[in-house]
Amino acid sequence: AEYMGTVLNRIIEAQSFFQMSVLPADSKQPRDAQDIQQILKSMGVTQYEPKVINQLLEFSYRYTRQILEDALDYKEYAKKSDDIEVTDVHLATKTNQSHNFSQPPPLELQMSLASQRNAQPLPPFPNRGGVLVPKNRMSLLNVNYHVEAAVEAGAPSATS
């Protein structure tokens, strides 16, 4: 419980620190911000706005906090009296991933769907000049509202 409190306190402190819009270049950045910079550097990202680090840190803090809170809920549901276990964190991570992140379909499925789609020929291209605009039923330029005539003050309306 003490460890959980320490982790959550560190997350809350870091979140309050990063409420500032941009870290000045001469300020001593926290270790987590330096870690994010190293990750970006290791991935070959050399040019980015300073706010990118803040955004990635906020995402990681929010994600970590959510996982730890879910793990705590799972521990309490299992009526365990000790600290959060690795199995609780694994369960929270898997649950979070299934709800918040979508996995792309397998490559084989994508290839079969692409071959089915590509087997259908494209519609013929019109042989005329000018700008090609979609038909009226598909156009976003159509009127999408209807104005009714003004009703006189004493006359009954259609909705009355």
So, do H90 and T87 sit near enough that their side-chain heavy atoms are less than 4.5 Å apart? no

So among I39, T46, L40, which one has a side-chain contact (heavy atoms from CB on, under 4.5 Å) with M43? I39

CD/Q29 to CG/L57 distance, rounded to the nearest 0.5 angstrom? 9.0 Å

Return yes if a side-chain donor-acceptor contact under 3.5 Å exists between N96 and Y63, otherwise no. no

Enter the distance from K41:NZ to Q38:CD here, rounded to the nearest 0.5 Å. 5.5 Å

So, D70 and Q66: side-chain donor and acceptor under 3.5 Å apart, yes or no? yes

How long is the straight-line distance from CG of L56 back to OH of Y61, given to the nearest 0.5 Å? 11.5 Å

Applying the salt bridge (charged side-chain N to carboxylate O under 4.0 Å, His left out) test to D88, which of K94, K80, K75 qualifies? K80

Hey, what do you get for CG (L72) to CD1 (I84), rounding to the nearest 0.5 Å? 5.0 Å

Quick one: closest heavy-atom pair of Q110 and P105, and the distance? NE2-O, 2.8 Å

For E85, I'd like to know if atom CD has over 12 heavy atoms of other residues, nucleotides or ligands within 6.0 Å. yes

Straight-line distance of Q55 CD to E49 CD, nearest 0.5 Å: 9.5 Å

Nearest heavy-atom neighbours spanning A92 and A71: CB-N, 3.7 Å

Could you state the interatomic distance from CG (L91) to CD1 (I67), rounded to the nearest 0.5 Å? 9.5 Å

Has Q37 got a side-chain atom pairing as donor or acceptor with I53's backbone, closer than 3.5 angstrom? no

